[in-house]
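The next block holds one structure in the form of C-alpha cells; read it before the comments.
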There are 2 protein chains.
Amino acid sequence: MDQNKIPQATAKRLPLYYRFLNNLNQQGKRRVSSKELSEAVKVDSATIRRDFSYFGALGKKGYGYNVEYLLGFFRSTLDQHEVTEVALIGAGNLGTAFLKYSFLKNNNIRITKAFDADSSKVGKDIDGVPIFHVSDLEEELENIRVVILTVPASEAEEIAEKLVNLGVNGILNFTPARITVPSHVRVHHIDLAVELQSLVYFLKHYPLEKE
Amino acid sequence: MDQNKIPQATAKRLPLYYRFLNNLNQQGKRRVSSKELSEAVKVDSATIRRDFSYFGALGKKGYGYNVEYLLGFFRSTLDQHEVTEVALIGAGNLGTAFLKYSFLKNNNIRITKAFDADSSKVGKDIDGVPIFHVSDLEEELENIRVVILTVPASEAEEIAEKLVNLGVNGILNFTPARITVPSHVRVHHIDLAVELQSLVYFLKHYPLEKE
DNA sequence: AAAAAGTCGTGATGTTTTTCACAAATTAAT
DNA sequence: ATTAATTTGTGAAAAACATCACGACTTTTT
Ligand SMILES: NC(=O)c1ccc[n+]([C@@H]2O[C@H](COP(=O)([O-])OP(=O)(O)OC[C@H]3O[C@@H](n4cnc5c(N)ncnc54)[C@H](O)[C@@H]3O)[C@@H](O)[C@H]2O)c1
Ligand SMILES: NC(=O)c1ccc[n+]([C@@H]2O[C@H](COP(=O)([O-])OP(=O)(O)OC[C@H]3O[C@@H](n4cnc5c(N)ncnc54)[C@H](O)[C@@H]3O)[C@@H](O)[C@H]2O)c1
C-alpha cells in the first residue's frame, strides 16, 4: 500500500518525529523549523527535511512547518487514529514491565492479552491485562497481528512458529535467539545484552574527542 | 586505541557473533563456516566474512573458522576478560527487570549499583544489587563509566548532566527523552515505544511477499 | 594422485543513507 | 519598499554499508 518508496531509515524515524510534534503541540507551539526539530531529536536538519520531503512539500520556505498540520499528517500516516492491539508472550520480569507501561497515550497501541506457561500466573491480570495460558494461544489470540516476545530464549523458536501459524506477521523479539520465520513475517530484534555490550565496546575503541 | 577503522555497523554485530561462538563452543563444535554462522545470526555470509576481515585473516580457505580461536580473539577484542561494572538509575518497572537479569555470564557486565529517588526503595537491594538514593550519586558512583538510564523522561536530562559531570561517558538511555551531552559522551537510545510503533508502521506499509 | 567440493578474503559493484550547498520562496526588519 | 534574515526542498556528492563473484587455497572424495 501507500508509498513503497519511503526509505527504511526514514520510516524508523517517523514515530520519533511524531512524538516530538505532539510535545510541541501540547506546548502550544504553532510553527517549527527543521533546525529546531533537529536539536530536539538529534537528527541532522537536512535529514529531517529529506525525510519529510518523501511525503511531499509539507513545509513553507522561510517559515518552517506548521505543527498542527504536520502532526495531523503524521497521525494518519502512522495510523494513529485507530488503536493497534498487540499481545505479549512471557509475562516474566521484562514482560511485566511492558504490561505496566501504557503505550496508549503516545502510540495508540494497547497490549490486550498476555500469555505465559507458568500456571500460577494464568488467570491473574497485570494492570488490567489478562494472562492466559500459552496453550490457549489458538483460541485467544484471535486477530492480533503483532506480538511482543519476552520468553526465555530456548522457547523463542517454538513459540514464534506457533504465532506465525496463527497469522501473526510482526514480532518484537526481546530474546537473544535469532528466530527463523517465513518471509512474510517481520521480526524486529531488540537485544539488550548486545546493546549494552556494544556500547561498552564503542567506549573502549572509539575514543570520542573532548569537545 | 585499536583500529579506528572498524565500521560502526560491524562493531554492533560483534557481540552477536561472540554470543553465537560461545554457544557453538559450548556445544563442542570445533569449526564453523561463514555460511553456518550466517544462518544462525541471520546476517549475510559475505557480510560476516567482511566483518571478520577487518580484524585480519581469521579463517582458513576451504576450512572455515576455528571456533575456539575465533572466540578467544573476540573475547579479547570485546574486553571480555574483565568485568565491566555499570550502574542503573531508576529502579522502576523496567529498571527492576534489568536488575534481575544477569549480564555476567554472557557479557561479563555487572550492574553493581542502582539509584532511585524513591526513599522507600533506598537501602534495599534487588537480586543483590544495592539501591542508593540518587542524591548520593556523587559519593557512590565512583569510577563507573557506563550507566543504564531508566528514569521518567522528565528527569532524564537533569540526571544525564549529573552523570556526565561525574565522569560517565556511556549512557544506555531507555527514556523517550533525547538527551543533550558533550561530544565525548556516547548515548545509545533504546526507544521501546518507537520500536513498537515502527514495527506496526512497517507491517501496514511494507507488505511482505508471501514466500 | 587427481578431481571435486568447500570456503575464505577481497576487488569491484550496487544500494542505501547522509550530508552539502544553494536557488527559490517567505517572513521580518529597516 | 527595500533589504536582510530565514528556511524549505532537492540536485549532486559523499559516506556508509551490503552484496556479488571469483581467485586462491584447503579439505574431502574417488
Ligand atoms: N530482563 C532483562 O533485563 C533481559 C535482558 C536481556 C535479555 N532478556 C531476554 O528477555 C527474555 C525475557 O527475560 P525475563 O528476564 O523477563 O525472563 P523471565 O524468566 O523473568 O520471564 C520469562 C517468562 O516467560 C515464561 N515462559 C517460559 N516458557 C514459556 C512458554 N513456552 N510460553 C510462554 N511463556 C513462557 C516464564 O514463565 C516467565 O514468566 C529472555 O529471553 C531474556 O534472555 C531479558
Ligand atoms: N516500562 C516500559 O515498558 C517502558 C516502555 C517504553 C519506555 N519506557 C521508559 O523507560 C523509563 C522507565 O520506565 P518505567 O516503566 O520503569 O518507569 P517507572 O516509573 O516504573 O520507574 C521509574 C523509576 O525512576 C525513579 N525515579 C524518578 N525520578 C528519579 C530521579 N530523579 N532519580 C532517580 N530515580 C528516579 C522512580 O522512583 C521509579 O522507581 C521511562 O522513561 C519510560 O518512559 C518504559
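Letters A, B, ... are given to chains in the order of the sequence lines, protein chains preceding strands, and every chain is numbered from 1.
- When side chains are defined from C-beta on, Leu203(A) counts as touching Arg186(B), because their heavy atoms get closer than 4.5 Å.
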In B/S/- notation (B base, S sugar-phosphate only, - none; protein heavy atoms under 4.0 Å), nucleotides 21-30 of chain D written 5' to 3' is B-BBBBSS--
Show each protein N/O and nucleotides 14-18 of chain D N/O combination with a separation under 3.5 Å, one pair to a line.
residue : atom : partner  : partner atom : Å
dA18(D) : OP1  : Arg13(B) : NH1          : 3.3
dA18(D) : OP2  : Arg13(B) : NH1          : 3.2
dA18(D) : OP2  : Arg13(B) : NH2          : 3.0

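- Aromatic pair Phe115(B)/Phe132(B): centroids less than 6.0 angstrom apart.
- Judged purely by distance below 3.5 Å, without hydrogens or angles, the side chains of Asn107(A) and Gln197(B) pair a donor atom with an acceptor atom.
- Between chain A and DNA chain C, the heavy-atom contact criterion of under 4.0 Å yields a 5' to 3' nucleotide range of dT17(C) to dA28(C).
- Using a 4.5 Å heavy-atom cutoff, the side chains of Val41(A) and Ile48(A) are in contact.
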Derivation of the side chain to side chain contact (heavy atoms under 4.5 Å, CB included) call for Lys29(A) and Arg31(A): CA-CA 6 Å; Lys29(A) 274 210 108 197; Arg31(A) 59 184 271 195; 5.9 Å; no
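- Here Lys12(A) does not pair with Glu195(B) in a salt bridge; the nearest charged N to carboxylate O distance is not below 4.0 Å.
- Judged as a side-chain hydrogen bond (donor to acceptor under 3.5 Å, both in side chains), the pairs with a partner in residues 171-180 of chain B (not counting sequence neighbours) are, in order, Lys42(A)-Thr180(B), Asn173(B)-Thr175(B), Asn173(B)-His189(B), Arg178(B)-Asp191(B).
- Counting any heavy atom pair closer than 4.0 Å across all strands shown, Ser34(A) reaches sugar-phosphate atoms only and no base atom.
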Which pairs would a plain distance check flag for residues 90-105 of chain A, meaning a side-chain donor or acceptor within less than 3.5 Å of a matching protein atom at least two apart in sequence or in another chain?
residue   : atom : partner   : partner atom : Å
Thr96(A)  : OG1  : Ala91(A)  : O            : 3.4
Thr96(A)  : OG1  : Gly92(A)  : O            : 2.5
Ser102(A) : OG   : Leu104(A) : N            : 3.2

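- Contact check on Glu142(A) versus Lys113(A) returns a salt bridge, with a Lys/Arg side-chain nitrogen under 4.0 Å from an Asp/Glu carboxylate oxygen.
- With contacts defined as side-chain heavy-atom distances shorter than 4.5 Å, the pair Val146(B)/Leu199(A) qualifies.
- The side-chain heavy atoms of Leu149(B) and Leu172(B), taken from C-beta on, include no pair separated by under 4.5 Å.
- Cation-pi geometry between Arg75(B) and Tyr18(B) is not satisfied (NZ or CZ under 6.0 Å from the ring centre, within 45° of the ring normal).
- Within the 6.0 Å centre-distance limit, the rings of Phe74(A) and Phe52(A) are counted as a close aromatic pair.
- Using a 4.0 Å heavy-atom criterion, one finds that Tyr65(A) contacts the sugar-phosphate atoms exclusively.
- Axis deviation across the helix from dA1(C)-dT30(D) to dT30(C)-dA1(D) amounts to 10°, comparing end segments of five pairs, rounded to 10 degrees.
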